[in-house]
Amino acid sequence: MEYTYQAKNKEGKTVKGVVEAESKDRAVSLLKERGFFIVSLKEGSGFNFNLEKISPVNRVSRDEVVIFTRQLSTMINAGLSLNDALFSLKEQVSPRFAEIIDEVLRRVESGKSLGESLSGWPDIFSNIYVASVRSGEAAGVLDKVLSRLADDQEEEKAFRNNVKGALIYPIIVMVMMIIVGTIVMIFVVPKMLSLYSELDADLPAATKALMAISDFFIKTWWLAIISVTGLVYLFIKFKNTDQGARKIDETILRLPVVGPLQGKTILANMSRTLGLLLGTGLSLVEALDIIAESVGNLVFRDAMKQCARGVEKGRSLSGMMANFTVFPPILYQMVAVGEGTGKIDESLEKVSAFFKGEAETAVKGLTTALGPIIMIVLGVGVMFLVVAVLMPIYNLTSSF
């Protein structure tokens, strides 16, 4: 049977291809033996349109995964066997998730570990999730690891919701401004300015500019759509290249306000997750490699990979982090404290809380700054419309 895969090689480059194997698990094993980090794996050698991935009815939500993790931890802690716990949980979830849990149960009953069984659905159970479960199974503390995973997922969700909630108001205002402005330029302004065109009066510069903008919206709107579509297409093509993605990530981090916000958000998530993995008993090098693959920004990904290689050679993590400007002093200083006390995971949890607070403060500062900016832009736009529309009337009345 053939499987189409997309993966990252040891250099971090994206590779695509087809692998032949008896089963999906065997295909995963073959790709891992080649040193690939699997991003996606689909049955078949060509393009398959999968309705399940775009249908909200068939998608498994993050909330479901959090509840599943919490309940599984509670059941195992209460003394239920893993098989009985999975059998019970599949009756309490959505039909799509029930199918997945049923398949996981079959794999566990066939002798596979829970971590290995969960690895077949990377879109639902991340590599961090699977690695944590495997560590918990190996150490005999699966219930505690699952409980900590649920706590981590709930904290991540709360943080993400706080950021989204703070940004949603200015985004809605800006979108409404664009919609209202477009409607005014297409339907309202032409009717008001048609009178001035018929009078053949000498129009002010503001009125002429408004008429030109309105004509552009009405007559060449299709050109604007084509231009925007073309720019978006070129941007996506550029972003899909290694060099382009790196350049975009570097540029975002240099942007005022937005750059520091993304950096603090990444540091908060990275510190929390690294502390989680180390707390489950995973080695520091393995944890760093997993974190590196899960970080979306290539600048941070490269830094984490180099830190992993340095630690592998015997250097301290704090010493390696000090070589990269993306890691602030408080991070590697706290890591150094953790290395000295043997409790890096606890130090990382503390520094994660610090970065979380910093990110939330940055979001509040951004939304606070956006309010006046939006009002200024709105005021300037309204003033321009008033001047462009009323100035010709004033000129006409004053000429009599």
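A salt bridge does not link Lys350 with Glu346: every distance from a Lys NZ or Arg NE/NH1/NH2 to an Asp or Glu carboxylate oxygen is 4.0 Å or more. Ion pair Arg70/Glu154 flagged as a salt bridge, since at least one NZ, NE, NH1 or NH2 atom sits closer than 4.0 Å to an Asp/Glu carboxylate oxygen. A salt bridge is absent between Arg106 and Glu109: the closest approach of a Lys/Arg side-chain nitrogen to an acidic carboxylate oxygen does not fall below 4.0 angstrom. Salt bridge Glu349/Arg148: present, at least one basic N to carboxylate O contact under 4.0 Å. Under the 4.0 Å criterion applied to side-chain N and carboxylate O atoms, Arg309 and Asp289 are assigned as salt-bridge partners. Here Arg246 does not pair with Asp242 in a salt bridge; the nearest charged N to carboxylate O distance is not below 4.0 Å. Remark: Arg96 engages Glu99 in a salt bridge, criterion side-chain N to carboxylate O under 4.0 Å.
Hydrophobic clustering (side-chain heavy atoms under 4.5 Å, transitive across Ile, Leu, Val, Met, Phe, Trp, Tyr) keeps Val66 apart from Ile76. Under a hydrophobic-cluster definition in which Ile, Leu, Val, Met, Phe, Trp and Tyr are linked whenever side-chain heavy atoms come within less than 4.5 Å, directly or via other members, Ile225 and Leu223 are assigned to the same cluster. The hydrophobic cluster containing Phe87 also contains Leu89, counting ILVMFWY residues as joined when their side-chain heavy atoms lie under 4.5 angstrom apart, directly or transitively. Put simply, Met75 and Ile67 are part of two different groups of oily side chains (I, L, V, M, F, W, Y) that touch within less than 4.5 Å, one to the next. The cluster map of Ile, Leu, Val, Met, Phe, Trp and Tyr, joined by side-chain heavy atoms under 4.5 Å apart, puts Ile344 and Ile330 in the same cluster.
A donor-acceptor pair under 3.5 Å is absent between the side-chain atoms of Ser88 and the main chain of Asp84, judged by distance alone. Ser147 places no side-chain N or O within donor-acceptor distance of the main-chain N or O of Asp143, the cut-off being under 3.5 Å. Under the 3.5 Å distance criterion, the side-chain polar atoms of Thr251 are matched with a main-chain donor or acceptor of Lys247. A side-chain donor-acceptor contact under 3.5 Å links Glu339 to the backbone of Leu317. Listed for the Asp249 side chain is no donor-acceptor partner under 3.5 Å among the backbone atoms of Val299. The backbone N or O of Glu116 sits less than 3.5 Å from a side-chain atom of Ser119, completing a donor-acceptor pair. Between the side chain of Glu137 and the main chain of Ser113, no donor-acceptor pair closer than 3.5 Å is present.
For the atom pair Ile252 CD1 and Gln262 CD, the distance stands at 5.5 Å (nearest 0.5 Å). The line from CG of Leu284 to CD of Glu312 is 10.5 Å long, rounded to the nearest 0.5 Å. Between Met174 atom CE and Ile179 atom CD1 the span is 12.5 Å, to the nearest 0.5 Å. The CD1 atom of Ile373 lies 13.5 Å from the CG atom of Leu378; values are rounded to the nearest 0.5 Å. In this structure, CD1 on Ile290 lies 11.0 Å from CE on Met304, to the nearest 0.5 angstrom. Atom CD1 of Ile100 sits about 13.5 Å away from atom CG of Leu105, to the nearest 0.5 Å.
Within 6.0 Å of CE in Met375 there are 12 or fewer heavy atoms belonging to other residues, nucleotides or ligands. Within a 6.0 Å sphere centred on NZ of Lys144, heavy atoms belonging to other residues, nucleotides or ligands number 12 at most. Around NZ of Lys90, the count of heavy atoms belonging to other residues, nucleotides or ligands within 6.0 Å exceeds 12. Summarising the local packing, CD of Glu91 is surrounded by more than 12 heavy atoms from other residues, nucleotides or ligands at distances under 6.0 Å.
When all heavy atoms are compared, the tightest approach of Ala359 to Thr265 is CB-OG1, 4.0 Å. The two residues Val93 and Ala98 make their nearest non-hydrogen contact at CG2-N, 3.5 Å. When every heavy atom of Leu278 is checked against every heavy atom of Ala287, the shortest pair comes out as CD2-CB, 4.0 Å. In plain terms, the two heavy atoms of Ala85 and Leu72 that are nearest each other are CB-CD1, 3.6 Å. Contact record, Arg301 with Ala292: CG-O, 3.0 Å, taken as the closest heavy-atom pair. Nearest heavy-atom pair, Pro260 versus Leu255, reported as atom, atom and distance to 0.1 Å: CD-O, 3.3 Å.
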request  = Kindly indicate, with the supporting measurements, whether the criterion side chain to side chain contact (heavy atoms under 4.5 Å, CB included) is fulfilled by Val65 and Tyr129.
outcome  = CA-CA 11 Å; Val65 178; Tyr129 190 105; 4.2 Å; yes
Intermediate values then yes/no, side chain to side chain contact (heavy atoms under 4.5 Å, CB included), Leu149 and Val133 = CA-CA 9 Å; Leu149 268 173; Val133 169; 4.0 Å; yes
key: Residue pair Arg315, Val311: steps toward the side chain to side chain contact (heavy atoms under 4.5 Å, CB included) verdict   = CA-CA 5 Å; Arg315 297 188 61 182; Val311 171; 5.9 Å; no
key: Chi angles and distances behind the side chain to side chain contact (heavy atoms under 4.5 Å, CB included) call for Leu348, Met334   = CA-CA 7 Å; Leu348 286 168; Met334 287 295 291; over 6 Å; no
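Side-chain contact annotation: Ser94 with Glu64, donor-acceptor N/O pair under 3.5 Å present. No side-chain N or O of Asn77 forms a donor-acceptor pair with one of Thr74 less than 3.5 Å apart.
Side-chain contact between Glu360 and Lys264 is absent, with no heavy-atom pair separated by less than 4.5 Å. No side-chain heavy atom of Val60 sits less than 4.5 Å from a side-chain heavy atom of Trp121. Side-chain contact between Leu276 and Arg272: absent, with no pair of heavy atoms (C-beta onward) separated by less than 4.5 Å. Side-chain atoms of Asp63 and Lys157, non-hydrogen and from C-beta on, do get closer than 4.5 Å to each other. Between Ser132 and Leu277, the closest side-chain pair of non-hydrogen atoms falls below 4.5 Å. Looking at Asn323 and Met320, their side chains come closer than 4.5 Å, going by heavy atoms from C-beta outward. Looking only at side-chain heavy atoms (C-beta outward), Val337 and Tyr332 stay at 4.5 Å or farther from each other. Between Gln71 and Gln92, the closest side-chain pair of non-hydrogen atoms falls below 4.5 Å.
Remark: of the listed residues Val351, Leu331, Val326, Leu331 is the sole one forming a side-chain contact (heavy atoms from CB on, under 4.5 Å) with Leu267.
The aromatic rings of Phe324 and Phe327 sit perpendicular, their planes meeting at an angle over 60°, well past the 30° parallel limit.
The ring pair (Phe, Tyr, Trp, His ring centres under 6.0 Å) check on Phe97 picks up Phe68, with sequence neighbours excluded.
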